[in-house]
Participant: 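Quick one: the structure is below, and I'll ask about it shortly.
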Amino acid sequence: MAKHHKTYIFCYDDHRGFSEDIKKRFTDAARYSVKSFQTGEDFIADFEAESKNKSCKVAILSVHDNAEQLEKVDKLTVEIKKIDLLTGLILVGTADKMEEIRKTMKFNIDAYIPRNSNSILRIHNIVKKLISEHNIRNFRKKRNLSIYLLLAFLAMSGLLILVSYFRLPHYF
């Protein structure tokens, strides 16, 4: 049976508008660890503490209307990518400011989600996609290692057969 790895979801929300909805959506404690933060310093400190494990990590950042908060979120994305490059980033903002948010962000953001009635469902789908990509990346590494070991075994077997053919020709 497949082993489920824990996914760490970090929510940064100044006004605590959607953090509780996300916690309600990801209730399985064996598969998800949802943490919510109101300050950027706490967010980065806890993110650095969890950066040592190799599980899937997703950062959900809430962006509000003012420009200073947009700049603060941009700095957070830079810090997140410095700590762990493979972390998935999801930005949640108002629908009318979404184009402005896309233009000002410097790093790769995995998803821009407008805040509306189905945003929690869209966040859930994006998190599932990021988990799948993380698992595919891990399985690809395992597959490549297995192929290298198989090729090394075949090369050593071929070399052994070749040496035994010349040293012990009466068995062939």
Side-chain angles (χ1 to χ4, degrees), residues 1-14 16-64 69-93 98-115 118-151:
M1 183 170 220
K3 180 182 172 186
H4 293 289
H5 297 283
K6 192 169 241 187
T7 302
Y8 293 91
I9 301 172
F10 300 93
C11 299
Y12 173 71
D13 187 18
D14 287 346
R16 309 246 323 149
F18 72 95
S19 299
E20 296 303 320
D21 293 335
I22 290 175
K23 285 182 181 180
K24 289 177 189 174
R25 187 68 180 182
F26 298 101
T27 56
D28 189 7
R31 296 181 72 186
Y32 304 106
S33 172
V34 180
K35 298 179 181 179
S36 178
F37 303 96
Q38 290 181 334
T39 62
E41 294 81 24
D42 293 340
F43 181 85
I44 293 297
D46 198 46
F47 190 77
E48 284 178 343
E50 292 294 336
S51 69
K52 291 176 179 60
N53 67 25
K54 296 186 189 265
S55 12
C56 182
K57 292 180 266 316
V58 179
I60 302 172
L61 306 171
S62 175
V63 179
H64 298 288
Q69 209 266 341
L70 186 62
E71 183 180 315
K72 187 176 183 180
V73 169
D74 188 33
K75 288 180 183 178
L76 275 176
T77 58
V78 170
E79 288 293 321
I80 290 169
K81 288 298 183 174
K82 279 182 187 176
I83 296 169
D84 189 4
L85 218 80
L86 300 176
T87 300
L89 288 173
I90 300 173
L91 289 182
V92 180
M98 197 55 65
E99 197 60 40
E100 179 184 330
I101 293 170
R102 287 180 194 204
K103 289 179 182 176
T104 58
M105 291 296 159
K106 295 179 180 113
F107 276 97
N108 282 343
I109 306 296
D110 294 307
Y112 296 94
I113 298 176
R115 189 176 288 124
N118 66 351
S119 60
I120 299 299
L121 181 62
R122 291 182 68 192
I123 289 171
H124 185 262
N125 290 337
I126 296 295
V127 168
K128 293 288 189 180
K129 178 187 141 223
L130 292 172
I131 292 170
S132 296
E133 289 174 356
H134 181 264
N135 290 336
I136 287 171
R137 199 177 314 118
N138 286 342
F139 288 134
R140 185 175 296 141
K141 289 177 185 176
K142 291 177 184 178
R143 180 202 63 197
N144 289 345
L145 178 66
S146 298
I147 288 173
Y148 294 145
L149 290 175
L150 176 67
L151 291 176

Participant: Check whether any side-chain heavy atom of Val92 lies under 4.5 Å from a side-chain heavy atom of Asp13, and answer yes or no.
Facilitator: no
Participant: Does any part of the side chain of Glu50, heavy atoms only, come nearer than 4.5 Å to the side chain of Asp84, both counted from C-beta?
Facilitator: no
Participant: For the atom pair CG (Leu151) and CD1 (Ile147), what is the distance rounded to the nearest 0.5 Å?
Facilitator: 7.5 Å
Participant: Would you indicate whether the side-chain heavy atoms of Phe47 and Thr87 approach each other to under 4.5 Å?
Facilitator: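 Answer yes - side chains close enough.
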Participant: Applying side-chain contact (heavy atoms from CB on, under 4.5 Å) to Phe26 and Val127, what does each step give before you reach the verdict?
Facilitator: CA-CA 10 Å; Phe26 298 101; Val127 168; 3.9 Å; yes
Participant: If I take atom NZ from residue Lys6 and atom OG from residue Ser55, how far apart are they, to the nearest 0.5 angstrom?
Facilitator: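 With rounding to 0.5 Å, NZ (Lys6) is 9.0 Å from OG (Ser55).
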Participant: Phe37: what forms a ring-ring contact (aromatic ring centres under 6.0 Å, His included) with it, not counting sequence neighbours?
Facilitator: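 Phe37 satisfies ring-ring contact (aromatic ring centres under 6.0 Å, His included) with Phe43 once adjacent residues are dropped.
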Participant: Could Lys75 and Glu79 be called an ion pair, given the rule that one side-chain N must be under 4.0 Å from one carboxylate O?
Facilitator: no
Participant: I want to check something: taking the side chain as every heavy atom from C-beta on, are Asn53 and Tyr8 in contact at a cut-off of under 4.5 Å?
Facilitator: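 Asn53 vs Tyr8: side chains touch.
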Participant: For Glu133 and Lys129: C-alpha separation, side-chain torsions, deciding distance, then whether salt bridge (Lys or Arg N to Asp or Glu O under 4.0 Å) applies.
Facilitator: CA-CA 6 Å; Glu133 289 174 356; Lys129 178 187 141 223; 3.8 Å; yes
Participant: Looking only at atom types and distance, does a side-chain atom of Asp110 sit under 3.5 Å from a main-chain N or O of Leu89, one as donor and one as acceptor?
Facilitator: yes
Participant: As an exercise, state the distance from NZ of Lys81 to CG of Leu76, rounded to the nearest 0.5 Å.
Facilitator: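 The CG atom of Leu76 is 13.5 Å from NZ of Lys81, to the nearest 0.5 Å.
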Participant: With sequence neighbours left out, what residues match Lys72 under salt bridge (charged side-chain N to carboxylate O under 4.0 Å, His left out)?
Facilitator: none
Participant: Any chance you could measure Leu86, atom CG, to Ser51, atom OG, to the nearest 0.5 Å?
Facilitator: 11.5 Å
Participant: Within a strict 4.5 Å, meaning less than it, do heavy atoms of the Ile131 and Tyr32 side chains meet?
Facilitator: yes
Participant: Just wondering, more than 12 heavy atoms not from Arg143 lying within 6.0 Å of its CZ?
Facilitator: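 Buried by this count: over 12 neighbours within 6.0 Å.
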Participant: Ignoring hydrogens and angles, tell me if any N or O in the side chain of His134 forms a donor-acceptor pair with the backbone of Lys57 under 3.5 Å.
Facilitator: no
Participant: Less than 4.5 Å apart, side chain to side chain, heavy atoms only: is that true for Ser62 and Arg115?
Facilitator: yes
Participant: Would you check if Cys11 and Lys23 make a side-chain contact, meaning some heavy-atom pair closer than 4.5 Å?
Facilitator: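 The answer is no; the side chains never approach within 4.5 Å.
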Participant: State, with a plain yes or no, whether a side-chain heavy atom of Ile123 is found less than 4.5 Å away from one of Arg25.
Facilitator: no
Participant: So, for Tyr112 and Arg122, which heavy atoms are closest and what is the spacing to 0.1 Å?
Facilitator: O-NH2, 4.2 Å
Participant: Got a second to check how far Ile44's CD1 is from Asp42's CG, nearest 0.5 Å?
Facilitator: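 Spacing of CD1 (Ile44) from CG (Asp42) equals 10.5 Å.
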Participant: Going by salt bridge (charged side-chain N to carboxylate O under 4.0 Å, His left out), name the residues that satisfy it together with Asp21, two or more places apart in sequence or in a different chain.
Facilitator: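 Salt bridge (charged side-chain N to carboxylate O under 4.0 Å, His left out) check on Asp21 returns nothing, list empty.
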Participant: Rounded to the nearest 0.5 Å, how far apart are SG of Cys56 and NZ of Lys128?
Facilitator: 10.5 Å
